[in-house]
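Data block below; observations after.
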2 protein chains.
Amino acid sequence: MRVVAIIPAAGAGRRMGSAVEKQFLHLRGIPILAHTLRVFDKSPEIDGIVLVVAPQQRLALESEVLGPYPCEKLLRVVDGGPERQDSVANGLRATPPECDLVVVHDGVRPLVSIELLEAVVEAAHHYGAAIAAIPAGDTVKQAESKKVVATLERETIWLAQTPQVFRANLLRLAYEKAARGQTIVTDDAALVERIGAPVHLVLGSPENIKVTTPFDLVLAEAILTGREGQRA
Amino acid sequence: MRVVAIIPAAGAGRRMGSAVEKQFLHLRGIPILAHTLRVFDKSPEIDGIVLVVAPQQRLALESEVLGPYPCEKLLRVVDGGPERQDSVANGLRATPPECDLVVVHDGVRPLVSIELLEAVVEAAHHYGAAIAAIPAGDTVKQAESKKVVATLERETIWLAQTPQVFRANLLRLAYEKAARGQTIVTDDAALVERIGAPVHLVLGSPENIKVTTPFDLVLAEAILTGREGQRA
């Protein structure tokens with residue numbers, strides 16, 4: 001059991017404005033989370049999967065995702081916490097102690113390619129910590145109360161995605177320190193950066209979107225349509 | 001002539017990988033630039049339009065855009081320069097001296113709504129300088145040579161769009177100073193910031209994309225399909 005993926009999918013989907021949690025919404029007739037799990041199931045680089053969902057979503061998970069779309073590499077399903085970070089921490093505790101690398105990937109990034117997943121895993125083998133990210137295409141402003149404070153040097157700015165992959169011991173140490181300091185961050189790499197470990201960037205893809213709004217759902221459908229057109 | 005828009009559309013479209021410049025590519029059978037011009041023609045807040053194109057694109061502009069889709073408010077067509085900033089500077093010299101506000105809007109942002117355009121114009125009337133921008137949805141990293149240097153505080157980070165609207169005198173002053181200093185920037189607001197004037201942010205829209213890659217073209221089609229669905 002060398003490479004284990006933690007897939008947090010415990011979000012409430014408040015921004016989707018839907019009664020159904022976003023990870024259960026359908027893309028091409030298949031739940032978003034099932035799309036995501038399939039990529040990990042297919043990649044030979046991945047040995048096991050720990051899935052994190054909210055306790056009240058376990059029934060829906062079984063009936064809508066794992067029943068119709070079985071996940072062969074699934075090791076455990078664990079409960080999510082109040083913040084994404086709590087969910088990943090719970091997932092991390094459920095990873096086998098002997099695993100070398102831990103992959104963290106958002107349950108609602110269903111369009112990640114196997115190639116990108118494997119490129120980030122490979123970079124993490126080499127550097128210890130690696131994340132998918134794309135260069136900022138727009139001019140980036142730093143602002144306070146809707147007034148611009150600075151225009152950042154665009155060449156240095158990257159938008160982080162997942163997969164984010166870490167040596168297991170490094171991520172465990174980062175989470176231990178975070179738990180003591182009550183640090184709240186928006187991605188796992190930030191915790192690893194805080195303990196001084198270098199994090200390497202791997203060029204992600206604009207198609208690897210996080211589906212969190214109705215707009216993203218339209219976009220995701222369009223990307224899948226484009227991919228089918230390419231294969232046809 | 002109170003509010004004049006400069007529409008730079010002189011880009012070569014290298015990222016599109018197409019022989020046709022991106023502003024002439026079609027969305028729903030209509031050139032991207034014609035979509036953009038139509039929004040400005042329709043808005044009662046806009047009194048005139050200065051269009052900036054590369055000299056070698058003038059023929060295509062007439063035959064593919066202005067012929068089939070006449071632009072009623074068009075004041076002048078001027079030549080673009082080597083950088084976007086040179087193109088806007090040329091457009092600025094062609095604006096009537098008596099205009100109060102100058103709107104700068106990318107020719108390849110065809111999906112801007114009239115509501116957003118007018119909201120930015122109104123904010124510029126009030127504050128002197130205002131731009132459309134959206135909050136960063138992803139975690140934002142600062143990096144050097146593909147190593148993360150810092151995770152920025154996401155709440156303070158905005159991605160700039162256009163329209164960007166300025167009091168005419170303010171933008172002229174900003175461009176004069178820039179010409180002397182040979183400053184190169186990626187948006188007009190940055191030049192205004194450099195002379196110390198406050199720039200106000202107006203909440204833009206994720207739909208207000210800049211169409212620069214084949215992926216963006218797929219996305220733009222999907223957005224238009226979504227809009228038609230809403231109207232139906």
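Throughout, protein chains are lettered first and strands after them, A, B, ... in sequence-line order, and every chain is numbered starting at 1.
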Next item on the list: Indicate the atoms forming the closest heavy-atom contact of B:Ala160 with A:Asp138, along with that distance.
Entry: O-CB, 3.5 Å
Report the option among [options] that has the most heavy-atom pairs separated by less than 4.5 Å from atoms of chain B.
options	value
A:Leu152, A:Ile131, A:Leu219	A:Leu219
A:Val218, A:Val149, A:Asp187	A:Asp187
A:Glu144, A:Glu207, A:Glu153	A:Glu207

Next item on the list: Only one of B:Val3, B:Leu117, B:Val120 passes side-chain contact (heavy atoms from CB on, under 4.5 Å) with B:Val165; say which it is.
Entry: B:Val120
Next item on the list: Heavy-atom pairs under 4.5 Å with chain A are the metric here; pick the option from B:Gln161, B:Lys146, B:Arg194, B:Gln142 that has the most.
Entry: B:Lys146
Next item on the list: For chain A, find which of B:Glu155, B:His200, B:Lys141 contributes the most heavy-atom pairs closer than 4.5 angstrom.
Entry: B:Lys141
Next item on the list: Assess whether side-chain hydrogen bond (donor to acceptor under 3.5 Å, both in side chains) is satisfied between A:Asn90 and A:Ser87, documenting all intermediate values.
Entry: CA-CA 5 Å; A:Asn90 291 355; A:Ser87 295; 5.8 Å; no
Checklist line | Under 4.5 Å from a heavy atom of chain A, the part of B:Ala189 involved | finding: both
Residue [X] versus chain B: region with a heavy atom under 4.5 Å:
X	result
A:Leu203	both
A:Ala136	neither
A:Ala143	both
A:Glu221	neither

So how far is it from [X] [atom1] to [Y] [atom2], rounded to the nearest 0.5 Å?
X	Y	atom1	atom2	value
A:Asp188	A:Thr162	CG	OG1	9.0 Å
B:Leu159	A:Thr139	CG	OG1	9.5 Å
A:Leu201	A:Ile134	CG	CD1	11.5 Å

Notebook entry, point to check: Going through the checks in order, is the side-chain hydrogen bond (donor to acceptor under 3.5 Å, both in side chains) test met by B:Arg84 and B:Thr186?
Noted result: CA-CA 8 Å; B:Arg84 179 184 184 285; B:Thr186 51; over 6 Å; no
